[in-house]
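To keep things clear, I will list the structure first and then write my remarks on it.
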Amino acid sequence: MFCSSSLSSSSFFLSSLSHSPHFQFLFKRSSMSTINLKVHAFAGNPLRSKTSKPTDLYSPISALETLKTHLLNNTHEDSSPNFKVLPFKKGKPLASSSESIDTSSPPFWHLGWITLADCKWFWESSDDLLSEDLFVYLGSDQDKDVIYWAIDILGDSVSIRELRDKKLCFVELRTLMVATDWADSRAMGELAVAGHARALLEWHNVSRFCGHCGGKTVPKDAGRRKQCSKEECKKRVYPRVDPVVIMLVIDRENDRALLSRQSRYVPRMWSCLAGFIEPGESLEEAVRRETWEETGIEVGEVIYHSSQPWPVGPSSMPCQLMVGFFAYAKSLEIHVDKEELEDAQWHSREDVRKALTFTEYEKAQKTAAAKVDQMCKGVEKGVNFSSDFNVESGELAPMFIPGPFAIAHHLISSWVNQGTSDGTEMPLKEPDSMSNL
């Protein structure tokens, strides 16, 4: 029933910075790094592939036609290709949990894929009609003869009791994110699939009407886009992505980093500055503007690090794209905008290094994994994932930064570990365009 499952920048931009002392320091050290991840959390979706030809059996259009046929026939037999469906409820994907073979290791979660027959069975108790318009195409695995879909369950089509009898439950995507072992490529892949699915489904929920004429929109291309239903309009609507710059601001001596706190943060957590890009500005301009508006710090050089899809924000913004940068300060005096931030301070490299308590991230991951396991067994307990992280001595750490699932972590740890060779970090790759300079 279940499926187990760049750095890049323009040559022009890099050439303009290639003689900068900050740029040379940033890229020349082979040991500068982030935690050993091939991709960020929510990136590296294994179901994303090149667009298939419309005549291909596994293409979105062909898959949708096959899906229609099986829904119209109203049979409970599985199809070929085999359909796997990932249900969501209020933004939460269906998940299951399995005990680890190693008793010292925490349980591990899986996405709760169900068959098309199961999907029909779940809908039998519902007044809603199960139609092809409810399904969103996620991708395919031709080697396994499987096509993957997501569906948003409205109302009470599926009872909690029925799910728990099958050891299934709907879990917040943020909880699954924390519960994911970032060294487990399978889990990271499933997290990326769930993130992609949530982003698409939430976008469908917030784009029900045409922004041009107000007409009702209808899904097209197996849910990959929508179109206004009014004959005189027929405006095409595509999935929404909200770009956000996130930056680690560094002082001129490269000894201190500017970290901030927001009121919504859990106690003692500090992170990078971030903000939405405004129309008519470049990424670099957004970095400088946001830093100035929130802290009064003037920024000069801006250097790209990496990017990360972030589908765990509010449903009104189905998927943010976090674009990470290093930004070098031209001034040091901080003037915090209290409407945006609770506080912002310069922190020494050593203080930030102490905040990278990986044992605490592991502890949080194990706690979250146990929580998911309890939920799937129907014995959920009130565990707070945002509770204070403790250092090994048992005392509260003075500060901590977001865990390895967040791009902020990798910006900060990259800077902290410049010149180290403790074996826990991997070097940053030079951009491909460097060879062309």
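The residues of the chain are indexed from 1 along the displayed sequence.
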| Side chains of Phe135 and Cys119: closer than 4.5 Å at any heavy-atom pair? | yes
| request: Evaluate the side chain to side chain contact (heavy atoms under 4.5 Å, CB included) criterion for residues Ile412 and Cys272: first the C-alpha distance (whole Å), next the side-chain angles of each, then the deciding distance (0.1 Å), finally the verdict. | output: CA-CA 8 Å; Ile412 294 169; Cys272 299; 3.8 Å; yes
| Would you say Gln227's side chain and Arg236's backbone share a donor-acceptor pair under 3.5 angstrom? | no
| message | Is there a side-chain contact between Thr115 and Lys84 in this structure, where contact means two heavy atoms from C-beta onward sitting under 4.5 Å apart? | response | yes
| task | Quick one: closest heavy-atom pair of Arg261 and Pro267, and the distance? | result | NH1-C, 4.1 Å
| So, for His40 and Phe42, is the gap between ring centers shorter than 6.0 Å? | no
| task | Answer yes if the side chains of Trp415 and Asn254 hold a donor-acceptor pair under 3.5 Å, and no otherwise. | result | yes
| request: Examine distances only and state if a side-chain atom of Lys226 and a backbone atom of Ser207 form a donor-acceptor pair shorter than 3.5 Å. | output: yes
| message | Salt bridge check, Glu99 against Lys167: does any charged N sit closer than 4.0 Å to a carboxylate O? | response | no
| Will you find, in the side chains of Tyr58 and Asp145, an N or O donor that is under 3.5 Å from an N or O acceptor? | yes
| request: Using the side chain to side chain contact (heavy atoms under 4.5 Å, CB included) rule, take Gln320 and Phe276 through it: C-alpha gap first, then chi angles, then the decisive distance, then the call. | output: CA-CA 9 Å; Gln320 298 171 25; Phe276 287 97; 4.0 Å; yes
| said: To the closest 0.5 Å, what do you measure between CG (Leu200) and CZ (Arg225)? | reply: 14.0 Å
| Exercise: identify the closest heavy-atom pair between Ala274 and Val244 | CB-CG1, 4.2 Å
| query | If we only count heavy atoms from C-beta on, is the Trp270 to Val352 side-chain gap below 4.5 Å? | reply | no
| said: Side chains of Pro318 and Asp242, heavy atoms from C-beta outward: is any pair under 4.5 Å? | reply: yes
| Residue pair Ile401 / Tyr361, side-chain heavy-atom distance below 4.5 Å | yes
| Closest heavy-atom pair and its distance - Ser414, Phe326 | CB-CZ, 3.9 Å
| message | Apply salt bridge (Lys or Arg N to Asp or Glu O under 4.0 Å) to residues Arg289 and Glu293 and explain how you reach the verdict. | response | CA-CA 6 Å; Arg289 176 185 54 77; Glu293 289 178 354; 3.2 Å; yes
| query | How long is the span from the CD1 atom in Ile407 to the OG atom in Ser307, to the nearest 0.5 Å? | reply | 6.5 Å
| said: For a 4.5 angstrom cut-off between non-hydrogen side-chain atoms, does Val178 reach Phe405? | reply: yes
| said: Return the NE2 to CG distance between His196 and Leu201, rounded to the nearest 0.5 Å. | reply: 9.5 Å
| Which atom of Gln345 lies closest to which atom of His347, heavy atoms considered | O-CD2, 3.1 Å
| Taking the side chain from Gln308 and the backbone from Ala41, do they hold a donor-acceptor pair closer than 3.5 Å? | yes
| said: With a 4.5 Å cut-off on side-chain heavy atoms, are Trp346 and Leu332 touching? | reply: yes
| said: Please check this pair: side chain of His110 against backbone of Ser96, looking for a donor-acceptor N/O pair closer than 3.5 Å. | reply: no
| query | Can a salt bridge be assigned to the pair Glu350 and Arg353 using a cut-off of 4.0 Å between side-chain N and carboxylate O? | reply | yes
| said: For the CD1 atom of Ile246 and the CD atom of Glu290, what is their distance to the nearest 0.5 Å? | reply: 11.5 Å
| task | Report yes if some heavy atom in the side chain of Tyr137 is under 4.5 Å from a heavy atom in the side chain of Ser59; otherwise report no. | result | no
| said: Give me the atom names and distance for the closest heavy-atom approach of Thr180 to Met188. | reply: CG2-SD, 3.9 Å
| Heavy-atom closest pair, residues Phe170 and Leu94 | CD2-N, 3.7 Å
| field | side chain to side chain contact (heavy atoms under 4.5 Å, CB included) between Arg256 and Ile250, intermediate numbers included | value | CA-CA 6 Å; Arg256 295 183 298 169; Ile250 304 166; over 6 Å; no
| message | Is it true that, when you exclude Glu278 itself, more than 12 heavy atoms of the residues, nucleotides or ligands shown sit nearer than 6.0 Å to its CD? | response | yes
| From Leu57, Asp141, Val146, residue fulfilling side-chain contact (heavy atoms from CB on, under 4.5 Å) relative to Pro81 | Leu57
| Going from SG on Cys319 to CZ on Arg198, what distance comes out if it is rounded to the nearest 0.5 angstrom? | 9.5 Å
| Side chain Arg174, main chain Val312, donor-acceptor under 3.5 Å | yes
| said: Quick one: does any side-chain atom of Lys338 pair with a main-chain N or O of Glu342 as donor and acceptor, under 3.5 Å? | reply: yes
| remark: Rounded to the nearest 0.5 Å, the CG atom of Leu273 sits from the CE atom of Met247 at a distance of 5.0 Å
| said: Between Glu298 (side chain only) and Lys330 (backbone N and O only), is there a donor and an acceptor less than 3.5 Å apart? | reply: no
| field | Pair Met317-Val206, side chain to side chain contact (heavy atoms under 4.5 Å, CB included): steps then yes or no | value | CA-CA 9 Å; Met317 290 178 284; Val206 299; over 6 Å; no
